[in-house]
Amino acid sequence: MTIKNSTFMMPINYKNILVTCLLCLFPLLGMAQQSYNMGGTVYDENGETLPGVSIFLKAQAMVGTATDANGVFKIKASKGDVLVFSYIGYENQEYLVDAENNKISVTMIPTATEMEEVVVTALGTQRKISVVGAITSLDAKDLQTPATSVANMLGGRVAGMITVLDSGEPGKNISEFWVRGIGTFGASSSALVLIDGLEGDINSIDPADIESFSILKDASATAVYGVRGANGVVLITTKRGQSGKLQIKARANYTLSYLSRMPEYLRAYDYAILANEARVVRNEEILYDNMELRLIKNHLDDDLYPDISWQDEIMKRNGFQQTYYVSAQGGGEAARYFISLGTSIEDAAYKVAPENTIRSGVGYNTYNYRINLDIDLTKGTTLYFGTDGFMSLRTQPGFANTDAMWEAQSMLTPITVPIRYSTGELPAYSSSFGGGGVSPYVLLNYTGKQTNQQYTGKATLALSHDFSYLIKDLKLRMQGAYDNLSWKDETRYVMPELYLASGRTTWGELQRAKSYDAVSPQYSNYQRQSRKYHFESTLSWDKLIADDHRASALVYYYMSDQQDTRDADIADAGRRALEALPKRYQGISSRVTYGFKNTYMVDFNFGYTGSENFEPGKQFGFFPSLALGWIPTSYQWVMDHVGWLSYLKIRGSYGSVGSDRIANFRFPFMTIIGENQSVGWGSTLNGVSELQFGANNLMWEKALKANLGIEGNLLDDRLTFVVDFFNDKRENIFQRRETIPGYAGLVYSARPYGNVGSMRSYGTDGNISYTHEIRKDWSFTIRGNYTYSANEIINWEEPPTRYPYQPLNGYPHQATRGYIATGLFADEDDIANSAVQSFGGFKVMPGDIKYKDVNGDGVINTDDRVFLSDPTYPRLMYGFGGEMKYKDFTLGILFKGTGKTDFYHVGYNSAYGVNGPGYVPFNNGKIGNVLTVVKDPSSRWVPMEYALANGIDPALAENPNARFPRLSYGYNANNSQLSTFWKGDSRYLRLQEVTLNYNLRASFLKRFGLSSADIQLVGNNLYVWDKVKDWDPEQGFRNGRAYPIPSRYTLQLYLNF
Amino acid sequence: MDALIRYHRDIRCSFTLTFKNKKRMKNIFKHTIVCACVAVMTMSSCNFLDVADNFEESFKYDSIFVNKTNLERYVWNIASMFPDEGYKFDKLGSFASDEAFSIMISDYTSLDFIQGNITPTNLRSFNIWSSMYIIVRKVNTVLGNIDKATDLTGREKNELMGYLYFMRAYAYYRLIMYYGPIVILGDDVMETNETEDYYDRTRATFDESVDYVCSELERSAALMPDVVTPSYFGRPSAGSALGLSARLRLIQASPLWNGGSAARRTYGTWKRSIDGVNYVSQTYDERKWAVAAEVCKQIIDMDIFALHTVKKMPDTAPLPDNVSQQNFPLGAGDIDPFRSYSDMFTGESPFARNPEYLWAQRSSGLVNYSRHAFPYEIYNGYATVSVPQKVIDAYRMADGRTIENSSDQYPYLTDGIWNNGTDLTFSGYTLKGNVHKMYVNRELRFYASIGFSGAHWPMLSTSNLSKRNVQFWYNLNGNAGKNSNRNLPYNVNTTGYSLKKFVHPEDSWGAPGQGEGYENSRRLEKAYPIIRYAEILLAYVEALNNLSSTHTIQNRQISRDIDEMRYYFNMIRFRAGLPGVTEAELASQETMQDLIERERMVELLHENARFWDVRRWGKYEITEREPVQGLDMDADGLAFYNVVPVNQTVARNRVVDKKLILVPIELNEIRKSPSMDQNPGYQY
């Protein structure tokens, strides 16, 4: 029932329209001579009664009625009349009156909205067949499984996405993701995420609110975003109201998460025995004499020689999450709405001690709502109002950094301190790592509480109007939005008095000294605000001409303004006023498409967009792109002769996109002057000086993207596939100028930037799916996807290096560099005949790691460090799985995996510091925990002499392939270098998800007002095949110093009212 | 606030259309298109993206040069980028030479240098290359824009230009003193974002470098005032510029840099790689001495500067018989030699009016430096400045004889404690009667400079009477000895001699851990003489002494004029209360050179002369090879006074290598510019 094909295409007169509408609603008295009393009930496709269906006589549209709340109607009609049943969203049904009947049963059939599939693209939708850019769309229903965030659902599910999840802790368990991997070493490599056209946080949205989910990967798809599109774009649209019956959906789930894989550490006695070995084999005195060993073995002194499994003391292995969600969708002809409300309550698997009265455990709760309203103001004019909010509340111990607990858990030995001295005092060991020598038990239970709250609220108002009366199919849409984010962190920090025992008096009394003064409760808070204005307007037009020519054009204009208090907070005092200035974008972009007979397609896109980050006059960049598509299966000849191939499309695109977030600070073109600078030589003035030297000729980072895609359907569309190949060249990457010599007189720390870097990234992604219907109610689908992305630095500016293997050029970005280990030194002769290794003055012994003298100068030093392997994030990510439907049961399985990704157990420097502790035995001496695997003599290099003297099987001694070198007690500078010796392989295949869904349609549900219910059992992260074993492969380099990624078991209930 | 208002205005002009529309629903169709067009136009007219304009109330780059005040704010900020020369541990100078010793290697870069640990990749505080060129760039930036300041009068502009030339020259001067040959940029301000070859420059030769900097110094001297008003104390004057020029010219004329055998031996093969030119001249040119002498003479002829003297007082020590009793400068009859020398270092003499300073500055670094003379425990010093025995032995006896050749009247005895019974006091100084005989009968500068074992430390500012008028003893169990501070074994004197030169009788430091003001302890403010007249006189005499013929420099006849040499050399001697030189000594060039060298070591002790002196004389490898000696710190009683080599790793590990004449340039600097050469001896 659209107005388009009505006869109202006349000079517009609102009164007429209004009157007509009103008339439609009220039945007029008919003039029929012989009238029957007709009546009955109208049902929807599910057999539900349908209220509000209008019924009128086909010949006399003025005569009509509507169904009541129970779907019942009554109307008078004459024989031969045709009753028309009309309802928005449904096809009209007709009933020919030939006799009186008040038990007519009419079932309405929903309109097949548009038979052609559409894809959400930049600035609108496109018919799927016309799309020539590289776009992956994800069916929103694939996102309806329980997960902690949307980002966590992407890896393995979406071709073109690379994700890494490195913590399983609630509130931190949010994957990092990149579209087609990392393509730049510039300041920002993350994708632009747009929710209903506005930049947003992918994790603040409930998956059930998502209507469509697309990833724009190539230049053709992203060019309209111009200066922001270089790293790919994720487009999410949310559900909107639809006129028709009210639909209520409710969801509840209950998840049990279980830390299935935890590192195992030695207990006290084994630890002590090995500690003695570590000392003896380095010609040092033993640490525990026989008497002490007996005390340890028999647990005779729990104060001085305790035996604590810290893991058991702070972990309970299980965590729970429950989420609730309800949405309502409906509306009439004039207005439509979608509203939703959701919440998630999740706690972590920390074991809060009973005496911890403030319950300072770790938890993460979220609350979200969304209201989308569409109001038809007049014919062709629609007002859209949307608002949504997201609030999260994270609770942590007052110490706040739970990483410190994991550090303590993995590093603190069982024997260092007890949980609590028998005298009642809590312990602290004097050193400063993790929580500063505080046991994880104290950190968790006695340091107070911190809460982190985040609130996001967005309101948007859009007006769209159809200008068909001027130019057919010309539409204008204008939208304004306001987005507000705020954060509030509150800390209530407290610390008890802590003691360290040193021994016993001759009377056996425990001697202890205070090592930490008590800290009385301290309150502090931190607040941050961010807000954003956005305005955009889109003028679009598309037309099908003479059935063969399909053309469209679109002009998009936008401007946005964003401010964040943090920008000023983190800047130097002298830069704050500058950093606090709003970030602004402005741009106009356009897309022109033309298609001929669904066979040849051309898209031309451009963005002319600007950012405030550049010099006035140089703010705008022009980013064009061109894409071509060809569908050979549209030829009649192909249709006739290649029947098995129902659809094939070959498409290619080339174009440029930009990135303006080129530096970690703003306005690099500007020379910035600081006031209140010092003066010298007797002057009393207030000095001024440059804080930053502006760089000449700056511009945005530019990505030249080429993409070639092939997609097709085979076997009656049962098998579909898409494969894309891409080659991106990033140019003008912003980099601090490294080759400007000192005599240019620029302050090194403030030296200017230049657009000097360049980098290439290339790869392929694709997906395939096969659906087979075995019987009417028995079908299955199998699916697979992959993303492979590699990169190479073409130009990283640096001063010439000493050896040809030292420059970064020609190697992947973030490649790992270190020493090549050639094994363990066999004996003293081996050491004498090898290059000199004296890291930190450390004297090497047989069983220590031997490195390759790459430059052959007889000394091992930093010049021998070479490229070792690709970066530690995966280059290949894939997923496969499928669904099987049998009657009302659906079983879904998803595997995800990554390709070979090397990591290093020791020496790798990351945001968490240099790794090694927790993995290398006795790395920190008295606070160097030891993995149980070390107990096996063949896992470590045991000197033959020691083996013989201590009853270790000589066959296991001096194992040249040992996993650990000769033990040493304390930091061993030689063995702690990053080298191939410590290389691990973190590739994995994960049974990511198994879903069993039962769709319940029993009639008894109706009694509860339900039309259907789905009961789901979902398991996440059920099993991992990998080589890391001791902990999760995605956390390989963390060496057990991170909250593991739990297995999750969920019971989920969906109710449709 | 203003920025906020502007910002809202911008937003309004872009959003108005949305709201206006609502009021005019009736005409919505026609107006929508118009509005859309207006919207686009409005945005561009608003300069929506020019947010940095909102920043206009703050200081912009261009506004530096628009008026005199801003210009001066920028210029005097440049001055603050020069280091405080009074703080010596992190610079080339005393601790990198044989006039000072410490075992605090981790803290003192100078010590690290002498251990050979300073490499192109580990320069620690010696990486002044870039920081000095920052000054050059800033000066050039001002020079290129100075005409924009319209309210600057011609006179003001000239004076400011003088200071600017001086700053640039002083930055180059520091580079030459550290690295030797420099890259001369002229008035260039390099672009900030250009290709590699744009930035490639070569180093000038040593002579070109010195000639350029000296001519720049002389140019600045012509523009700067001759006298600094006391309120601007610290600012250079014409004399400062000429003084630095004289110092550079003397270095340039000296054997290492002037084609002497030292130059050939050390730098014979050091050639610029792009054209094969020797960085250091390989042919001797006597004229360079004459040029140096001429600059010194210019300074003398300015008639502004004079040696600092204090009139004779009742407690002035009597002069030995062989010292002229005439009035200064022909004798020392009317002056107090001890005070004349000492008061200009301790802060006693009002330094803003001291005629001896060609350039001096208030120096908190010097005050800090002097703290290191005090023992750690109880007296709250740092005790890391030790003076080697070599320096002690360089001081003459009161009658001007050397210790090896002392007279019966003023004998140099090493056989035990003096046991004088009563203390000897003169010029406010107390020589206690119970000190070792080595420290008796010495020239006055010795007492003014050296804190030997048993020396008297008044520390008068402290209210703690037990801490006033104390003798510090450096023997094993003495109150300043090795055992006095077992907790911090690096904070202990290691030769038995500390430096008293910059310590005023009032100065004291309170108690450890109690803060500096504890017990009312305080220090006098001190000025560090970057260059003083005595050095110019010694330089003049040395330059003249090296001439064998007459040279005409700037219309001035310069030759080895015995009268000039006697007059100015004796001036230094008389001020110290010592006899003048003999005619026989004057007659011999070699003898005079020896006398001058010894005089410089004593007179300019710890004033950044010795490090460069031994190098320019070509003697660095000889003087540095001599072991660092001191008293036996591990002994008490008379055994303590045995002179022994300092038994410390830091002393044993001292490296003597030609490469240590200069500091290396940072490795990356060499790699960035293909035409840049490293200093000899440094590989990576």
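Scope of the values below: all heavy atoms of this structure, side chains included, with no hydrogens, waters or symmetry mates. Residue numbers start from 1 in every chain, and the chains themselves are labelled A, B, ... in the order their sequence lines are given, proteins ahead of strands.
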Student: At a heavy-atom separation under 4.5 Å, does B/Glu72 approach chain A through its side chain, its backbone, both, or neither?
Tutor: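 Its backbone and side chain both get close to chain A.
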
Student: When you compare the side chains of A/Tyr533 and A/Gln563, does any donor N or O come within less than 3.5 Å of an acceptor on the partner?
Tutor: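 Short answer, no.
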
Student: Under a plain distance cut-off of 3.5 Å, with no hydrogens placed, do A/Gln479 and A/Arg477 share a side-chain donor-acceptor pair?
Tutor: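 Per modelled atom types, A/Arg477 and A/Gln479 side chains form a pair under 3.5 Å.
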
Student: Which answer fits A/Thr538, side chain, backbone, both or neither, if we ask what part of it has an atom under 4.5 Å from a heavy atom of chain B?
Tutor: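 Nothing of A/Thr538, per the 4.5 Å heavy-atom cut-off to chain B.
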
Student: Tell me, for A/Pro741 versus chain B, whether the close heavy atoms (under 4.5 Å) come from the side chain, the backbone, both or neither.
Tutor: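 Interface part for A/Pro741: both.
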
Student: Please classify the contact of B/Val183 with chain A as side chain, backbone, both or neither, using a heavy-atom distance under 4.5 Å.
Tutor: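 Interface part for B/Val183: side chain.
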
Student: Any donor-acceptor pair under 3.5 Å linking the side chain of A/Arg737 with the backbone of B/Glu194?
Tutor: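 Yes.
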
Student: Between B/Asn140, B/Val75, B/Leu185, B/Val136, who has the most heavy-atom pairs with chain A when the cutoff is under 4.5 Å?
Tutor: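 Of the candidates given, the most pairs with chain A belong to B/Leu185.
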
Student: I need the residue from A/Asn686, A/Thr801, A/Thr684 with the largest number of non-hydrogen atom pairs under 4.5 Å to chain B.
Tutor: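 Of the options given, most contacts go to A/Asn686.
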
Student: Considering only heavy atoms, which portion of B/Arg201 lies under 4.5 Å from any heavy atom of chain A: side chain, backbone, both, or neither?
Tutor: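 Its backbone and side chain both get close to chain A.
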
Student: So which part of B/Glu191 gets closer than 4.5 Å to some heavy atom of chain A, the side chain, the backbone, both or neither?
Tutor: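 Both backbone and side chain.
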
Student: Check whether the side chains of A/Asn795 and A/Ser758 place a donor and an acceptor atom closer than 3.5 Å, and report yes or no.
Tutor: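 The answer is no; no qualifying pair exists.
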
Student: Please classify the contact of A/Glu797 with chain B as side chain, backbone, both or neither, using a heavy-atom distance under 4.5 Å.
Tutor: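 For A/Glu797, neither part sits under 4.5 Å from chain B.
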
Student: Kindly confirm or rule out a cation-pi arrangement of B/Arg235 over B/Tyr163, judged by NZ or CZ under 6.0 Å from the six-membered ring centre and within 45° of its axis?
Tutor: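 Yes - B/Arg235 lies over the ring of B/Tyr163, closer than 6.0 Å to its centre and within 45° of its axis.
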
Student: Please determine, by modelled atom types, if A/Asp863 and A/Gln806 share a side-chain donor-acceptor pair under 3.5 angstrom.
Tutor: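 Yes, side-chain donor-acceptor contact under 3.5 Å.
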
Student: Centroid-to-centroid, A/Tyr608 to A/Phe620, below 6.0 Å?
Tutor: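 Distance test on ring centres: under 6.0 Å, yes.
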
Student: Are a donor atom and an acceptor atom from the side chains of A/Tyr743 and B/Ser673 found within less than 3.5 Å of each other?
Tutor: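 Looking only at side-chain atoms, B/Ser673 and A/Tyr743 do form a donor-acceptor pair, the distance falling under 3.5 Å.
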
Student: Between B/Phe233 and chain A, with a heavy-atom cut-off of 4.5 Å, which part of the residue counts as in contact: side chain, backbone, both or neither?
Tutor: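 The backbone, not the side chain.
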
Student: Measuring heavy-atom distances to chain A, does B/Ser131 have an atom under 4.5 Å in its side chain, in its backbone, in both, or in neither?
Tutor: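 Interface part for B/Ser131: neither.
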
Student: With respect to chain B, which residue among A/Glu615, A/Gln677, A/Glu690 yields the maximal number of heavy-atom pairs within a distance under 4.5 Å?
Tutor: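 Among A/Glu615, A/Gln677, A/Glu690, the one with the most close pairs to chain B is A/Glu690.
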
Student: Identify which of A/Gly682, A/Gly610, A/Gly742, A/Gly687 forms the greatest number of heavy-atom pairs closer than 4.5 Å to chain B.
Tutor: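 Of the candidates given, the most pairs with chain B belong to A/Gly742.
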
Student: Which atoms of A/Phe693 come close to chain B, meaning under 4.5 Å heavy atom to heavy atom: side chain ones, backbone ones, both, or neither?
Tutor: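 The answer is the side chain of A/Phe693.
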
Student: Quick check on B/Phe82 against chain A: is it the side chain, the backbone, both or neither that has a heavy atom closer than 4.5 Å?
Tutor: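 B/Phe82 touches chain A through side-chain heavy atoms alone.
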
Student: When only pairs under 4.5 Å are counted, which of B/Val189, B/Leu175, B/Thr192 shares the most heavy-atom pairs with chain A?
Tutor: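 Max contact count across the listed options: B/Thr192.
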
Student: Checking the side chain of A/Trp681 only, and the main-chain atoms of B/Ser80 only, is there a donor and an acceptor separated by less than 3.5 Å?
Tutor: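 Side chain of A/Trp681 to backbone of B/Ser80, a donor-acceptor pair under 3.5 Å: no, none is there.
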
Student: So does A/Asp561 pair up with A/Arg531, basic N to acidic O under 4.0 Å?
Tutor: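 Yes.
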
Student: Has A/Asn755 got a side-chain atom pairing as donor or acceptor with A/Met699's backbone, closer than 3.5 angstrom?
Tutor: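 Pair found, side chain donor or acceptor close to backbone of A/Met699.
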
Student: Given heavy-atom pairs under 4.5 angstrom as the criterion, report whether the side chain, backbone, both or neither of B/Met676 touches chain A.
Tutor: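 Only the side chain of B/Met676 comes within 4.5 Å of chain A.
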
